[in-house]
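The structure appears right after this line, and notes come after that.
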Amino acid sequence: MLSKRFQAAMLSGTLLLTCFAPLTEAADHAVLDIPGEPLSKALSDFAKQADISIIRPRISFRDGRANEVKGTFSLKSGLFRLLKGTGFDFEILSPTAVRIFRTVPKAPPIKEASAEISFLPPLVEEIEVTTTRRKDFADKLPYSMSVTSGASLERLFGGSTNDAVFKIAGLAATNQGDSRNKIIVRGLSDGAFSGRTQALVTTYIDYARMLYNAPEPSFKLVDISSIEVLRGPQGTLYGSGSLGGLYRVVTNKPNLSAFEGEVTITGEITDGGAPSQDYTAMINIPVIDEKFGVRAVAYYEENGGYIDDIRLNLNDVNDSELYGARLATKLKLWQNGSLTLGVNFQHHTADDTNYYNGALGPLLRDNYTQEPRYDILRQPYLTFEAETSFADIVSTFSYINRDMDNYYDGARAVPKLTDLPLIPAAFEDDRHIKTISNETHFSSKSGSRLEWMAGFLLSHRHENIIASLTAPGSASFAGLGPTDVLFSEDLTDNLDEAALFGETTYFLTERLALTGGLRWFHYKNSAVSLLDDVGIGAVREASGEQKKSGLIPKFTVSFYENDDRLYYLQIAQGYRLGGINLKGPTEITDELDPGEDGEAPHTDLEALTTFDSDKLLNIEIGFKHKFMDGQLRITGAAFYTRWNDIQSDQFDAAGLPTIGNIGNGRVIGGEAEITYQPTPTLQIHANAGWNASEITKVNNQFGSGVGAVEEGHLPGAPGFTLNFAGQYEFNLWRDLNAIIDVSYTYVGRAHLLYEVNDAKRSDAYHLGSARLEINKAPWKVTLFAENLFDTSANSFAFGNPFSLTDIDQVTPLRPRTFGVRLGWRY
C-alpha cells in the first residue's frame, strides 16, 4: 500500500500535468481557420490565431492570396501550408516569433560542362529599392527605372557618375570633368551649360538631396549598394528639379554582425598622357554585436593630364586630384528601429579644364591663363528608420556645405567690356552653398487594397557667389584702378522651401491598380547683390525677390497580367522653381551717360532680373517582362513630354552667364533594357535610348537672343545611346577563377547651342572597354583597358564661355588607358 505522502505527491503531479497540458498543446499546435485571402491579411490572422508575432517585409495586394488553412496545425506545418507557392518562406525564430521573407528566384540551370557553383554576382538578381519612398522590387513597380547593384558596379572600378552613365539607358552627362558635369535623362536638356538654374535631374545620396543648382558632385562609387535611376518627371515624389527624373546612390550601411575590410590599389597609363593612381579602403566594425556598428570608407585618386598648353609651355595641364571619406555609425534602437549618423566628405581639385583648340591640332591649346577648379563638399546627416505594423518611417536631417571655385581664361572678355586691348585676365566664379533640410515620409505596409505614402520637406538654402574679372596691370591704364579688378559682384541668395506630398494606390483587383499622387509646394527666394564695376565707378546694391506656391499631380494605371508581366500608363508633372540672376558688369561705351555734377553714370541697378519657374507634363507607357524563370528580362517605355517656359543657362556676348526662359518645347522618345543570364557563368546586358526634341514656341526676347527658333532643337542631349555589356566566368585552375568583362557604348551627336545653323556640336562616338579579373579569395587582380578604340571624338564642344565664339573648342575623351588593380577583401 502506498504511503499517504507518496499518494499526495502523485496527485499533485497529476494536477500539474493536467494544468500545463493545454499550454503545451497551445504552444505546439493551434486551431486555425484562415480562408484563401490576401497574403497580408492571412498573415495577420495567422498571428492572432496562433498567438505569435510575425516579422515580415512589405507585402503588396498584388502579391496574391495565401492558401486556405483550416484545422489544427503545428506552427511549422501551418505556415508551410499557408505560404506554399506564394513566393514567400518563413523562419521560426522562437516558439512565439516568426520571420517571413521573399524566396530567392530560381537560378538558371547549370550546364553539365560547368559543374562549379558560380561566384559571379547575377545581373538578374531581384533588387529591393526605396527610390519610390517605399520598399519594393524594381520589376514590380510601374516606373521606368534602372537599378545597378553593387556587384555590377564592380566594372566601374570605383568610378563616378560620368562612368555610370555609359551603363544606364536614357542617361547622359556633359563631359566637362568630375564635379563639373550636368546629368541629362531622356533628352530633357535646357542647354549644354551648367550654371545657376536648378538641375534637371535630382541627385540623392541615400535619403538626402545633394544638389540644387550646382553641377553634379560626382561622388566616387566606392562601397556602394546600388545606383537607382528613376526616369521621367518625379515632381510628386521629389519636387523641384526632378523634371528628367532621379539619380540616387545607395551606400552600404554598417553591418552590425560581422567585421569587413577591403583595400584596392590601382595604377593606369594613358596614351600621350601622365600616369594615374587610385587607392580605396573600407572597414566595418560591429562594435556591439547586433546593436552598434561603424563603417568607414576612404579614397584617393590622381588622374594624369593629357592636354598641353603651348602658350604657357605646360604639359598635361588637365590633371586632377580627388580624395574623400564616408563615415557611418548605426545604432539599433529596437528590433525594427535604427538611427544612422554619418558624414560624407569629398575634395576635388583640377589644375585645368579638359578642352583643347581644334585649330592647333589634337590635345593642344594656347590659353593666356590656366583654368583650375576646386570643389569641397561636406555633408553630415542623421537618419531615423523604423518599421511598425502600421507604416515604415524614414526621416533624414541633412546639412550640406559645398564650396566651388572656378577660374576661366577671361582675356577675350577684356576688350568686349572695356576699351582695353586683349590682355591676360582671369574670371573667377566662387560659390559657397549651405543647405539644411529634413525629409520625412511614412509608407503603409498593410498589403490591403489601399496602399499609401505621405511625407514632408523643409529646406533652407543660403548661397553666396563672388564673381570677378581681374586683369593684372590694368590699373595702370588711364581711368582704371586703383586695383586690377575690372568687375566684381557679391551676390547673397536665400531660398526657403516647404512641401507636403503623398501617393495612394488602390487595387481594383489583384492585377489592376490605380495610383494617384499630389505635391503641394511653397518657396520664397530673395537675393541682394553688391556690384563693384569699372563701368559704374562705385559700389552699388541691387536686390530681387520672388515666391510661389503650387500643386503637382500624378496618375498611374498598372496592370499585372501575371507575376512576370507588368504594363503601365503614367501621366506626371515636373517643375523647377524660378530664381534670380546675377546683375553682371556694365559695358563701357562712348554712349554711356556720364551723369551730372560728377555723379556715377546712370544705370538701373536697383533691381535684379528674375527668371520664371518652368513645368512639364509627361505621358508614358511601359512594360516589364520576365521569361525563362527570370533568366531573361526585358523592360521598355515610350514617352511624350511637353515643356513650358524652359529655363536655360546661357552666356551673353561678352561670355558672362545669364539665365532666362526660352519658350516651350516637346520631347518624344523611348528606352529599352534587356538582361539575359543563360547560365550562371554568362551574363549579357544591353540597353538603348532614343529621343527627338523640338521647340514649339519662342515667347520672349531672351529666347530669340540665344538663337532659339520654332521647330529648332533642344541642345545638349544626344539623340541616341546604346550600351552593351557581357561577363563570362571560368575556372583557371582549382580554386583560381577568372572573369572576362567587355562593354561597348555608342553615344549620338548633340548640339551645343540653340542656333539651328551653328556648327558647334559634339560628335557621335564609340567607346569600348575590357577587363580580366583573376581571383582567389581574399585576393584579386584585374587587368583592364578603357577607350579601347582610342576614340578622339569631340564629346562636348565647350570649355570656356569667353572664347566660345573665337576658337574651336574640343573636349576629348581620355585617350586609350591601360591599368592594373590589386584588391584584398576580408
Side-chain angles (χ1 to χ4, degrees), residues 165 169-176 181-195 197 199-201 231-233 243-245 574 576 611 614-620 638-651 658-671 688-722 746-765 793-798 801 804-805 808-811:
V165 297
L171 191 65
T174 57
N175 189 32
Q176 286 186 276
N181 293 324
K182 180 177 187 177
I183 300 178
I184 299 169
V185 173
R186 287 183 163 179
L188 286 169
S189 172
D190 58 3
F193 311 122
S194 297
T197 55
L200 287 160
V201 178
R231 289 180 284 266
L243 278 77
R576 285 187 298 179
F611 51 95
D614 56 1
K615 182 184 290 187
L616 61 77
L617 175 69
N618 181 77
I619 302 173
E620 72 176 75
F639 62 88
Y640 169 84
T641 300
R642 190 180 67 216
W643 192 359
N644 292 337
D645 298 319
I646 302 169
Q647 298 175 13
S648 184
D649 281 291
Q650 294 295 309
F651 296 99
T658 184
I659 304 171
N661 297 90
I662 297 294
N664 302 338
R666 63 106 177 118
V667 182
I668 60 173
E671 63 264 342
W690 165 83
N691 68 83
S693 66
E694 181 181 306
I695 297 174
T696 58
K697 183 179 180 181
V698 179
N699 53 15
N700 54 41
Q701 185 177 357
F702 181 85
S704 301
V706 299
V709 296
E710 292 187 9
E711 299 184 359
H713 52 257
L714 294 175
F720 181 74
T721 59
L722 174 68
Y746 171 80
V747 178
R749 42 192 260 172
H751 293 271
L752 181 73
L753 305 173
Y754 282 93
E755 298 175 17
V756 175
N757 298 320
D758 191 273
K760 294 184 181 301
R761 63 185 64 186
S762 61
D763 299 328
Y765 60 87
N794 183 5
S795 65
F796 187 54
F798 174 74
L804 181 60
T805 59
D808 178 21
Q809 298 181 11
V810 178
T811 305

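What you see is a predicted model; the values in this text were computed from it and never measured.
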Q: Rounded to the nearest 0.5 Å, what's the gap from CG on Leu617 to OG1 on Thr641? Could you check?
A: 8.0 Å
Q | Inter-residue atom distance Leu188.CG - Ile183.CD1, 0.5 Å rounding | A | 13.5 Å
**Q.** Heavy-atom pair of closest approach, residues Pro718 and Ala750
**A.** N-CB, 3.7 Å
Q: Give a yes or no answer on whether the side chain of Ser693 reaches the backbone of Leu714 with a donor-acceptor pair at less than 3.5 Å.
A: yes
Q | Check: Ser648 side chain, Asp190 main-chain N or O, donor-acceptor pair, under 3.5 Å | A | yes
Q. Any donor and acceptor pair, going by atom type alone, linking the side chain of Thr174 with main-chain N or O of Lys182 inside 3.5 Å?
A. yes
Q. Can you name the closest pair of heavy atoms from Ile695 and Ala708 and give their distance?
A. CD1-CB, 3.9 Å
Q | Inter-residue atom distance Ile659.CD1 - Thr197.OG1, 0.5 Å rounding | A | 5.5 Å
Q. Taking only residues two or more places apart in sequence or in another chain, which ones pass side-chain contact (heavy atoms from CB on, under 4.5 Å) with Thr658?
A. Asn581, Phe702
Q | Lys760 atom NZ, neighbour heavy-atom count above 12 within 6.0 Å | A | yes
Q.
Could you report the tightest heavy-atom contact between Ala717 and Gly187, atom names first, then the distance?
A. CB-CA, 3.6 Å
Q: Drop me the distance from Leu200's CG to Arg186's CZ, to the nearest 0.5 angstrom.
A: 14.0 Å
Q.
Is any side-chain heavy atom of Gln650 closer than 4.5 Å to one of Tyr754?
A. yes
(Q) Against Arg576, only a single residue in Asp614, Asp649, Asp645 fulfils salt bridge (Lys or Arg N to Asp or Glu O under 4.0 Å); can you say which? (A) Asp614
Q. Is there a donor-acceptor pair closer than 3.5 Å between any side-chain N or O of His713 and the backbone N or O of Ala692?
A. no
(Q) With rounding to the nearest 0.5 angstrom, report the CD1 to OG1 distance, Ile646 to Thr696. (A) 7.0 Å
Q. Around Arg666, counting heavy atoms of other residues, nucleotides and ligands shown, do more than 12 lie under 6.0 Å from its CZ?
A. yes
(Q) Which residues pass the side-chain contact (heavy atoms from CB on, under 4.5 Å) test with Leu722, not counting sequence neighbours? (A) Ala688, Phe720, Tyr744, Tyr746
Q.
Please check: side-chain N/O of Asn661 versus main-chain N/O of Gly663, any donor-acceptor pairing under 3.5 Å?
A. no
Q.
I want to check something: taking the side chain as every heavy atom from C-beta on, are Trp643 and Asn618 in contact at a cut-off of under 4.5 Å?
A. no
Q. Any donor and acceptor pair, going by atom type alone, linking the side chain of Ser189 with main-chain N or O of Pro715 inside 3.5 Å?
A. yes
Q.
Quick check for you: to the nearest 0.5 Å, what is the distance between Thr805 atom OG1 and Phe651 atom CZ?
A. 12.0 Å
Q. Taking side chain as C-beta onward, heavy atoms only, is Leu804 less than 4.5 Å from Leu752?
A. yes
